[in-house]
Amino acid sequence: MNEEIKIRKLTEEEGGGYLAEYTHLKGCIADGETKIEALQELEKAKESWLLSAHEFGMEVPEKVKYKRINITFPEKLLEKLDDVLKNELHMSRSAFFQQSVQQSLLR
């Protein structure tokens, strides 16, 4: 199972705190006042999600193996990328590169 977790800060309009989700389990999300609390609640949500999936005969995504790669970027470009990822897209470098590659391959 691909265990990627996305976590983002909620705006004041959204109630504040943090939102965490398992990207491979559609709708498996939780929130908390802190990142740690959101992740703890996410684990509880995952257990419920898996139980419900089993009960309703839903397909559970299979395990995905990951392989680490090293890439080299110009420092200034990487700084700009990190700024956009943190402040606008709210995602990790790994998630960004995976998503970018998937979108490029689907064309």
Q. Does a side-chain heavy-atom distance below 4.5 Å link Leu81 with Leu85?
A. yes
(Q) Quick check: closest heavy atoms across Glu4 and Ala95, and the distance to 0.1 Å? (A) OE2-CB, 3.0 Å
Q. Can Tyr22 be reached from Met58 by stepping across I, L, V, M, F, W or Y side chains whose heavy atoms are under 4.5 Å apart?
A. yes
Q | Steps toward side chain to side chain contact (heavy atoms under 4.5 Å, CB included) verdict (Leu39, Glu43) | A | CA-CA 6 Å; Leu39 291 170; Glu43 285 308 304; over 6 Å; no
Q: Please step through side chain to side chain contact (heavy atoms under 4.5 Å, CB included) for the pair Val101 and Leu105, ending with a clear verdict.
A: CA-CA 6 Å; Val101 168; Leu105 294 175; 3.7 Å; yes
Q) Could you give all pairs that pass the side-chain hydrogen bond (donor to acceptor under 3.5 Å, both in side chains) test and reach residues 7-19, with sequence neighbours left out? A) Arg8-Glu14, Thr11-Glu13, Thr11-Glu14
Q. Would a hydrophobic clustering, with Ile, Leu, Val, Met, Phe, Trp and Tyr connected at side-chain separations under 4.5 Å, put Leu51 with Phe56?
A. no
Q.
Donor-acceptor pair, distance only, cut-off 3.5 Å: does the side chain of Asp83 make one with the backbone of Glu79?
A. no
Q: Taking all non-hydrogen atoms of both residues into account, name the closest pair between Ala30 and Ala45 and its distance.
A: CB-CB, 4.4 Å
Q.
Are Ile69 and Ile71 packed together at the side-chain level, in the sense that at least one heavy-atom pair is separated by less than 4.5 angstrom?
A. yes
Q: Using ring pair (Phe, Tyr, Trp, His ring centres under 6.0 Å) as the criterion, list what pairs up with Phe97, not counting sequence neighbours.
A: Phe73
Q) Does some side-chain heavy atom of Leu10 sit less than 4.5 Å from a side-chain heavy atom of Asp31? A) yes
**Q.** Lys44/Glu41 salt bridge by N-O under 4.0 Å criterion
**A.** yes
Q. Is Ile5 linked to Val60 within one hydrophobic cluster, defined over Ile, Leu, Val, Met, Phe, Trp and Tyr using a side-chain heavy-atom separation of less than 4.5 Å?
A. yes
